[in-house]
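None of these values were measured; they are calculated from a predicted model. Numbered from 1 within each chain, the chains take letters A, B, ... in sequence-line order.
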Amino acid sequence: MSKRFYITTPIYYVNDRPHVGTAYTTIAADVVARWHRQRGDEVFFLTGTDEHGAKAAESAAKAGKSPEEFTAEIAQLFQLAWKNLNIKYDDFIRTTEKRHARSVEKFMQLLKDNDAIYKGTYEGLYCVGCEKFITEKELVDGKCPLHNRVPEKIKEKNYFFRLTKYLDTVRRLIETDEIVIEPVERKKEALGLFQQGLEDFSVSREKVKWGIPLPFDSKQVIYVWVEALQNYVSAIGYGDDIDRFHRWWPVDVQLMAKDILKFHAIYWPAMLLAVGEKAPKKEFIHGFFSINGKKMGKSLGNTIDPNDMVEKFGSDGARYLLLSQFPFGQDGDIQESRFVEKYNADLANGLGNLVSRTANLMEKYAVENSMTDPGIASDKIEEIESAIQELSLENALKKIFQLIAEVNKYLDAESPWKMDDSQAEKRAEVLRDCAARVRRIARLVYPFLPIASRRIERQFSESLVKKEDPLFPRIQA
RNA sequence: CGCGGGGUGGAGCAAUUGGAAGCUCGUCAGGCUCAUAACCUGAAGGUUGCCGGUUCGAGUCCGGCCCCCGCAACCA
């Protein structure tokens with residue numbers, strides 16, 4: 001049963017480079033997208049970069065570049081990283097693109113027309129040195145740490161989104177799972193946010209220059225978060241190509257890490273309701289990484305560059321290592337020393353070696369390949385499929401790798417290398433069976449390890465299977 | 001009492017609605033030799049943070065306590 005499937009990652013802020021966190025979300029989305037494509041669904045997989053706002057402008061200035069130049073460079077870094085990781089997205093949206101601005105303007109105008117936006121005043125601490133609002137949290141001894149000066153309390157005229165008007169509806173949608181929020185802890189957290197008091201929020205900035213002007217007040221720029229969320233609809237033609245938009249909306253799954261839950265679970269559905277569109281079907285929130293027990297972050301300088309992982313383990317290896325280690329949806333601690341261990345144990349010794357020994361035996365005994373169905377129990381296949389549908393990606397992998405172990409056991413039990421030519425028939429039968437299972441495993445593993453999967457399928461579709469170079473060469477620690 | 005997550009054999013993690021505590025790595029002992037010094041079999045190793053409660057039965061529910069971590073207007 002073919003269907004349409006729209007999946008998104010957050011668009012990543014250009015203030016930072018790609019790191020394991022962003023890579024994790026993106027790989028997971030790619031796996032799910034590939035899985036759907038493999039079963040014949042029509043898929044739209046969106047990712048991109050969030051490029052406006054004071055921070056981006058500041059970073060550009062620091063780098064001595066124009067915001068346009070700077071953001072283009074960072075966007076390219078993301079595209080390169082995703083290419084290296086073999087991410088097959090259908091679209092990469094940049095919020096500085098015209099198509100985005102067009103949709104956003106329509107969206108904002110409609111909010112205004114629907115009386116979801118009103119004029120008010122925004123009050124905050126403003127540091128003249130930084131030329132931006134800073135939060136109390138950022139203060140050191142009541143002063144801006146960068147400029148060592150006390151920020152001024154400033155009021156600026158802003159436009160506000162009437163969030164409070166939509167809160168009851170959004171809460172109900174979450175409670176009834178019309179917006180599914182998973183894992184369930186995150187649903188509880190989202191519902192908890194309502195109790196903490198949510199207020200209307202400002203959707204524009206007067207002081208910020210780097211952004212999209214409000215369509216009904218060009219002196220103001222749209223608050224970057226508001227406009228960023230709208231990428232999910234602008235990329236599919238909101239306000240521009242209605243048919244295309246409704247072909248994909250509402251989105252099936254939005255993946256993200258837990259820090260942006262509030263924006264996606266509450267603000268975003270509220271804004272959609274305000275313009276008369278449906279809320280997302282599902283928001284799936286995964287956890288954070290810590291690295292060797294410490295919080296990952298630029299300030300600690302312990303981020304891991306996914307490109308380095310690809311260089312060391314290959315794209316399949318990097319994808320596997322990130323997805324296999326922790327339950328998708330929970331926090332996990334990355335121990336870099338375990339990467340090599342895991343790679344060797346599962347990919348080199350497990351899948352890679354199984355492929356080698358099977359191919360070698362096939363070649364050695366010149367076994368004629370057949371494309372028969374393998375003897376893998378269908379309930380196991382179903383378990384794997386449903387694990388992927390539930391986004392229990394690590395479980396799906398675990399179950400697939402159990403199948404690999406089974407073939408190894410089977411080979412050992414039958415020991416075809418001990419059979420002499422009087423048993424040639426039996427020997428060929430065993431090996432054909434192994435080959436069929438390897439082929440099936442290759443298909444199962446495709447969303448996770450697309451390159452290895454393709455190689456195995458090609459190798460094992462020949463009438464005479466030959467041994468080839470190792471899929472995953474062992475890495476010396 | 002701001003919100004949320006977590007504390008399980010040496011290490012990293014699992015345990016759908018409460019019911020014989022599993023997996024991977026590592027360690028030790030065998031086996032095999034087709035394979036990437038790989039693969040297979042077996043063993044050792046846990047009073048599931050602490051205390052109390054509910055129950056025929058709790059890692060799993062309830063109460064209290066002790067630690068660790070994340071979030072609280074913009075780093076996934």
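Between Pro473(A) and Val224(A), it is Pro473(A) whose nearest contact on RNA chain B lies nearer the 5' terminus. If Leu351(A) and Ile260(A) are placed on RNA chain B by their nearest nucleotide, the residue sitting closer to the 5' end is Leu351(A).
Under a 4.0 Å N-O distance rule, the pair Arg440(A)/Glu457(A) does not qualify as a salt bridge. We find that Glu51(A) and Arg94(A) are joined by a salt bridge, their nearest charged nitrogen and carboxylate oxygen being less than 4.0 Å apart. With respect to the salt-bridge test (charged N to carboxylate O, under 4.0 angstrom), the residues Lys426(A) and Glu414(A) qualify.
The salt bridge (Lys or Arg N to Asp or Glu O under 4.0 Å) test applied to Asp421(A) returns Arg427(A), not counting sequence neighbours. The side chain to side chain contact (heavy atoms under 4.5 Å, CB included) test applied to Lys262(A) returns Leu193(A), Leu198(A), Tyr267(A), not counting sequence neighbours. In terms of the side chain to side chain contact (heavy atoms under 4.5 Å, CB included) criterion, Glu429(A) has no residue partners (sequence neighbours excluded). For Glu383(A), the side chain to side chain donor-acceptor pair (under 3.5 Å) partners two or more places apart in sequence, or in a different chain, are Lys399(A). Residues that satisfy the side chain to side chain contact (heavy atoms under 4.5 Å, CB included) test with Asp305(A), not counting sequence neighbours, are Asn307(A), Asp308(A). Residues passing the side chain to side chain contact (heavy atoms under 4.5 Å, CB included) test with Pro10(A), sequence neighbours excluded: Tyr12(A), Thr25(A), Tyr232(A), Met256(A), Ile260(A). In this structure Lys258(A) satisfies the side chain to side chain donor-acceptor pair (under 3.5 Å) test together with Asp331(A), sequence neighbours excluded.
Nucleotides U55(B) and G18(B) have their P atoms positioned 16 Å apart, rounded to a whole Å. G53(B) and U60(B): their C1' atoms are spaced 16 Å apart (whole Å). Nucleotides G52(B) and U27(B) place their C1' atoms 38 Å apart, quoted to the nearest Å. Nucleotides A15(B) and A21(B) have their C1' atoms positioned 8 Å apart, rounded to a whole Å. The separation of G70(B) from U48(B), taken at their P atoms, amounts to 28 Å, rounded to a whole angstrom. A11(B) and G7(B) have their C1' atoms separated by 15 Å, given to the nearest Å. As rounded to the nearest Å, C61(B) and G19(B) have C1' atoms that lie 14 Å from one another. Nucleotides A14(B) and G9(B), compared at atom P, are 13 Å apart to the nearest Å.
Residues from residues 261-270 of chain A placing a heavy atom under 4.0 Å of any atom in RNA chain B do not occur.
The two atoms that bring Phe194(A) and Leu167(A) nearest to each other are CE2-O, 3.5 Å, heavy atoms only. Scanning all heavy atoms of the two residues, the minimum distance from Ala116(A) to Tyr166(A) falls at CB-OH, 3.6 Å.
Listed nucleotides: C74(B), U36(B), C75(B). Nearest to the side chain of Asn353(A): U36(B). Nearest to the side chain of Glu189(A), among U36(B), C75(B), C3(B), sits C3(B). Counting only heavy atoms from C-beta on, His19(A) has its side chain closest to C75(B) among C75(B), U36(B), U41(B).
In this structure, Tyr13(A) reaches the sugar-phosphate backbone alone: every heavy-atom distance under 4.0 Å involves primed, P, OP1 or OP2 atoms, never a base. No engagement by Val20(A) is indicated, since no non-hydrogen atom pair under 4.0 Å with the nucleic acid exists.
Spacing between atom CG of Asn344(A) and atom P of A37(B) amounts to 10 Å, rounded to whole angstrom units. With rounding to whole Å, Lys187(A) atom NZ is found 14 Å from G5(B) atom P. Between the P atom of A72(B) and the CG atom of Asp259(A) lies a distance of 8 Å, rounded to the nearest Å. Following rounding to the nearest Å, Leu321(A) (CG) and G12(B) (P) show an atom-to-atom distance of 18 Å. Counting to the nearest Å, the P atom of A15(B) and the NZ atom of Lys399(A) are 11 Å from each other. Rounded to whole angstrom, the span from the CZ atom of Phe161(A) across to the P atom of C74(B) amounts to 20 Å. What separates CD1 of Ile285(A) from C1' of G70(B) is a distance of 15 Å, to the nearest Å. The nearest whole Å value for the distance from the CG atom in Leu347(A) to the P atom in U36(B) is 17 Å.
A cation-pi arrangement is absent between Arg439(A) and Phe460(A) under the rule of less than 6.0 angstrom and at most 45 degrees off the ring axis.
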(message) Only Watson-Crick and G-U wobble pairs with both distances less than 3.5 Å should count. Give RNA chain B in dot-bracket notation, marking inter-strand partners with |.
(response) .((((((..((((........)))).(((((.......))))).....(((((.......))))))))))).....

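Side-chain N/O atoms of His100(A) and Ser234(A) include a donor and acceptor closer than 3.5 Å.
Between Trp225(A) and Phe263(A), the ring center distance clears the sub-6.0 Å criterion.
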Below 3.5 Å between N/O atoms, which protein atoms pair up with nucleotides 30-34 of chain B? Just atom names and distances, please.
residue, atom, partner, partner atom, Å
C34(B), O3', Asn360(A), ND2, 2.9
C34(B), O2', Asn360(A), ND2, 2.5
C34(B), O2, Arg357(A), NE, 3.2
C34(B), N3, Arg357(A), NE, 3.3
C34(B), N3, Arg357(A), NH2, 2.5
C34(B), N4, Arg357(A), NH2, 3.0

Look for any protein N or O under 3.5 Å of an N or O in nucleotides 22-26 of chain B and output each such pair with its distance, or none.
residue, atom, partner, partner atom, Å
C25(B), O2', Glu341(A), OE1, 2.8
C25(B), O2', Glu341(A), OE2, 3.4

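Sequence neighbours left out, the pairs with a member in residues 392-422 of chain A that pass ring-ring contact (aromatic ring centres under 6.0 Å, His included) are Tyr320(A)-Phe401(A).
OP1 or OP2 of C39(B) lies within a sub-4.0 Å distance of a side-chain N or O belonging to Asn349(A).
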